Structures are given as C-alpha cells and as structure tokens.
Amino acid sequence: MSLISRHEAARMLFGADRKLHRMLQYWAGTAVMYTIVIGVMFGPRALAGEPQARAICLYVAAGVAVFYPLVRIGVRIGLAPTILAGLQGVFSISCHVWGYSIAGPMRGATLVGLPVIVVFCVFALRPRQTLTLTAFNLAVMGGTMSWLAAHDPVHFPPAAEAVNFVFVAVASLAVTLLTGEMSKLRARLKTQKDELLTALDTIRTLATIDELTKLTNRRHMNELLAQEERRRDAARGPTCIAVLDIDFFKRINDSLGHAAGDSVLRDFAHATRAELREGDALARWGGEEFLLMLPNTTPANARAVLERMRERVAALAPAVEPCSGAEHRVSFSAGLSIWHPDEPIVETVNRADKALYAAKAAGRNRVIEA
Ligand SMILES: Nc1nc2c(ncn2[C@@H]2O[C@H](COP(=O)(O)OP(=O)(O)OP(=O)(O)O)[C@@H](O)[C@H]2O)c(=O)[nH]1
C-alpha cells in the first residue's frame with residue numbers, strides 16, 4: 001500500500017476548494033481548542049465516571065464531529081457561511097453555558113471562551129449579526145447565572161455571579177465592537193479590491209481593444225507581431241500579413257456624416273471578423289485601415305480568406321444618402337504579403353502596404369499580392 005503524502009492527506013481532509021479549505025481549517029482549530037479545554041476541565045472527572053462530565057465530553061465530541069460534514073455539505077450546496085457560523089456560535093455558547101453550570105469552582109475559566117466565539121465568527125458574520133450573537137450569548141449566560149444564583153446560592157453566590165456576568169458582558173461587548181470594526185474594514189477592502197479588478201479590466205481592454213470597432217488596436221497588434229516574430233518556427237506553415245483599406249471611405253463620411261462612417265467601420269469589422277480562425281488577428285491599424293495576420297496559412301489560403309471577407313463586406317447593406325437616395329456600397333482593397341523568416345516582420349507589413357497601394361491604383365475592390 002502506498003503511503004499518502006501530507007499534501008494529499010490535507011487535500012482529503014480539507015478539500016481542494018479554497019473556501020472549503022479555509023472553513024475546515026477554522027473547524028480544525030476550534031476542534032483542537034475544544035479538545036484541550038474540555039479535556040482539561042472535564043477529562044479527569046469523565047474518566048472517574050462522573051455522568052455530567054461524561055455527558056458534556058460526549059456532547060462536545062458529537063458537535064465537533066457533526067460540524068465537519070455540515071461544513072463540507074454546506075459549502076457544496078452553497079449554504080450561506082452566516083448560517084454555518086451562526087449554528088457553530090450557538091453550539092459553542094451552549095457548551096460554555098453547560099460547562100459553566102457544572103464546572104464547580106473552576107467555572108470562571110469557561111467565561112474566557114465566550115468572547116473568543118465572537119472572534120471566530122468575525123469572518124462570516126456582519127457587524128449586526130455579531131452583535132445579535134453577543135446579545136444571545138449574554139442573555140443565555142445571564143439567564144443561567146441568575147437561575148443558578150436563585151436556586152443554589154451556596155455554590156453560586158449572587159454577588160460572585162453578578163461580578164462574573166459584568167466581566168463577561170464587558171469583555172464580550174468590547175470584542176464585538178472591535179470585531180465589528182474589523183468586519184467593516186474587511187468589507188471596505190473587498191469593495192476596493194473589486195473596484196481595482198474592474199479598473200484593471202477596463203485598462204486591459206483600453207490597452208488592447210479599439211473602442212469603435214472592438215477589434216484589436218494598433219498597439220496590441222504590434223505586440224502580436226513581435227510575439228509572432230519571436231515564435232519564428234520553421235516547422236510551422238508560413239505567416240501571411242494583409243493590409244485592408246475601405247474604398248472611398250471619405251465619400252461616405254462627406255456625404256452621410258461621421259456617425260454613418262463610424263457605423264460602416266463597425267459593420268466592416270463585424271463582417272471581416274466572422275472569417276477569422278483562432279490564432280488569426282485582425283486589428284484596426286488606423287482610420288479605415290486594418291491589419292490582418294494569419295499564422296500558419298499559405299498565401300493561397302490567405303487570398304481565399306480575403307476573398308470571403310470581400311464577399312461578406314459586399315453583402316453589407318449599402319449606406320444610403322437620405323436626400324438623394326444615392327447608395328454607397330462598401331468594398332475594400334488589400335495588399336497581401338508572406339513573411340519570410342529572415343525578414344523583420346515590419347518589412348512584411350510595409351510590403352503588404354505597398355501592395356495595397358497597387359490594389360488601389362489598379363481600380364480598388366481587389367487583393368494584390370506583394
Ligand atoms: N467616420 C470615421 N471616419 C474616419 C475615422 N478615421 C478616419 N476617418 C476618415 O476616413 C477617411 C479616409 O479617407 P482617404 O484616406 O482619403 O481614403 P478613402 O476616401 O477611403 O479613399 P481610398 O482609400 O483611396 O479608397 C477620411 O475622411 C478620415 O477622416 C473614424 O474613426 N471614423
């Protein structure tokens with residue numbers, strides 16, 4: 001039989017999920033605390049056969065055992081941590097109150113643990129909920145102390161009980177207020193973290209995406225080109241570069257206005273993007289000019305992609321002048337070049353750019369290879 005590593009054992013006991021792991025670590029921490037405290041206070045008496053001591057030892061052991069699967073199931077079914085923390089808090093209070101009533105002269109020691117319960121709940125409960133738990137804690141403890149002082153004043157002198165109560169009330173309230181501040185601080189930190197993540201996301205988008213067309217922007221395309229250059233791999237197929245430019249775009253702008261021009265740019269981006277595979281990149285290179293990078297693509301295949309793009313663009317609804325009803329069909333010209341591995345990739349882009357000029361000079365709405 002193979003021995004399991006400490007890491008695997010911890011994974012089995014605490015699970016792989018980070019949240020579950022954290023909650024079960026708290027559970028383990030409290031289990032160890034209970035074992036020590038109950039063991040020291042009631043262990044010898046339980047071993048001596050005293051029924052009350054045995055009963056509380058069993059109660060605590062059963063409670064600790066029940067909470068382990070409860071936490072695991074709770075996290076799996078999405079039970080609010082508040083409910084789990086509340087249940088553990090109430091269980092803890094019942095242990096303390098019971099322990100206090102049967103601990104004899106040592107009972108003062110059990111009071112130390114009451115404020116600790118609140119500390120353990122701080123990560124799951126909101127300040128108001130923590131305050132409610134403390135109020136419940138003091139009501140149960142105060143009620144028990146009063147009852148004990150009234151029914152057994154010899155063992156529970158009223159004056160001593162009153163002092164004990166004041167002590168536990170002051171300590172619990174102080175801890176509750178402090179943990180409340182901690183909770184607020186945590187909530188503020190969480191909000192700030194969320195805001196920072198959103199801001200980071202926006203910055204990342206702004207840095208890589210063209211706002212109008214939602215295509216890759218020039219800055220990011222330059223990074224992709226450099227990346228492709230670094231990755232230079234003879235075993236892979238060739239990389240093709242194309243520069244695309246919308247024909248007579250100025251006319252659309254001049255006769256229909258800038259907003260209509262923007263709308264054509266968006267439609268053009270949408271239509272051409274539909275022909276991209278994973279790994280291809282299409283960027284708005286500037287104005288009405290676009291740069292296409294097709295890794296692992298032969299020039300024949302790249303030409304076929306550009307032809308399909310031309311068909312899609314030709315199928316776009318024409319921009320219509322409202323007064324004259326004149327139609328402006330959208331088309332583009334493109335220059336295509338293949339990247340030679342010994343050539344800086346910017347040179348390949350320049351060659352594609354020159355081929356684009358040739359396509360424009362040859363009458364537009366066509367693809368010319370460099
Ligand atoms: N609406 C809009 N127009 C833009 C944008 N960027 C550049 N332009 C316009 O695009 C037009 C480009 O015109 P030209 O460079 O003369 O080219 P063209 O009219 O397309 O002619 P050819 O390229 O020779 O076919 C100019 O009028 C620019 O103002 C933009 O973001 N939105």
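All values derive from a computational prediction rather than experimental measurement. Note that ligands are numbered from 1 as they come in the structure, with each ligand's atoms numbered from 1 the same way.
Between Glu228 and Arg231 there is a salt bridge, since at least one side-chain N of the basic residue sits less than 4.0 Å from a carboxylate O of the acidic one. Under the 4.0 Å criterion applied to side-chain N and carboxylate O atoms, Arg219 and Glu223 are assigned as salt-bridge partners. Residues Asp262 and Arg266 are not paired through a salt bridge, judged by the lack of any N-O separation under 4.0 Å between the basic side chain and the carboxylate.
Residue pairs satisfying the side-chain hydrogen bond (donor to acceptor under 3.5 Å, both in side chains) criterion with at least one member in residues 155-176, sequence neighbours excluded, are listed as follows: Tyr100-Glu161, Tyr100-Asn164, Arg107-Glu161, Thr134-Thr176, Asp152-His155.
Remark: aromatic rings of Tyr34 and Tyr59 are distant, center separation not under 6.0 Å.
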Does ligand 1 have any N/O atom under 3.5 Å from a protein N/O, and what are those pairs and their distances?
| unit_1 | atom_1 | unit_2 | atom_2 | d |
| --- | --- | --- | --- | --- |
| ligand 1 | 1 (N) | Asn253 | OD1 | 2.9 |
| ligand 1 | 1 (N) | His258 | O | 3.1 |
| ligand 1 | 1 (N) | Asp262 | N | 3.4 |
| ligand 1 | 1 (N) | Asp262 | OD1 | 2.9 |
| ligand 1 | 3 (N) | Asn253 | ND2 | 2.7 |
| ligand 1 | 17 (O) | Glu288 | OE2 | 3.4 |
| ligand 1 | 19 (O) | Phe249 | N | 3.2 |
| ligand 1 | 19 (O) | Lys250 | N | 2.7 |
| ligand 1 | 20 (O) | Ile246 | O | 3.1 |
| ligand 1 | 20 (O) | Phe248 | N | 3.4 |
| ligand 1 | 20 (O) | Phe249 | N | 2.7 |
| ligand 1 | 20 (O) | Glu288 | OE2 | 3.2 |
| ligand 1 | 23 (O) | Asp245 | OD1 | 3.0 |
| ligand 1 | 23 (O) | Lys360 | NZ | 2.8 |
| ligand 1 | 24 (O) | Arg364 | NH2 | 2.9 |
| ligand 1 | 25 (O) | Phe248 | N | 2.8 |
| ligand 1 | 25 (O) | Lys360 | NZ | 2.9 |
| ligand 1 | 25 (O) | Arg364 | NE | 2.8 |
| ligand 1 | 31 (O) | Arg284 | NH2 | 2.6 |
| ligand 1 | 32 (N) | Asp262 | OD1 | 2.6 |

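Counting only N and O atoms by type, the side chains of Tyr68 and Arg72 include a donor and acceptor under 3.5 Å apart.
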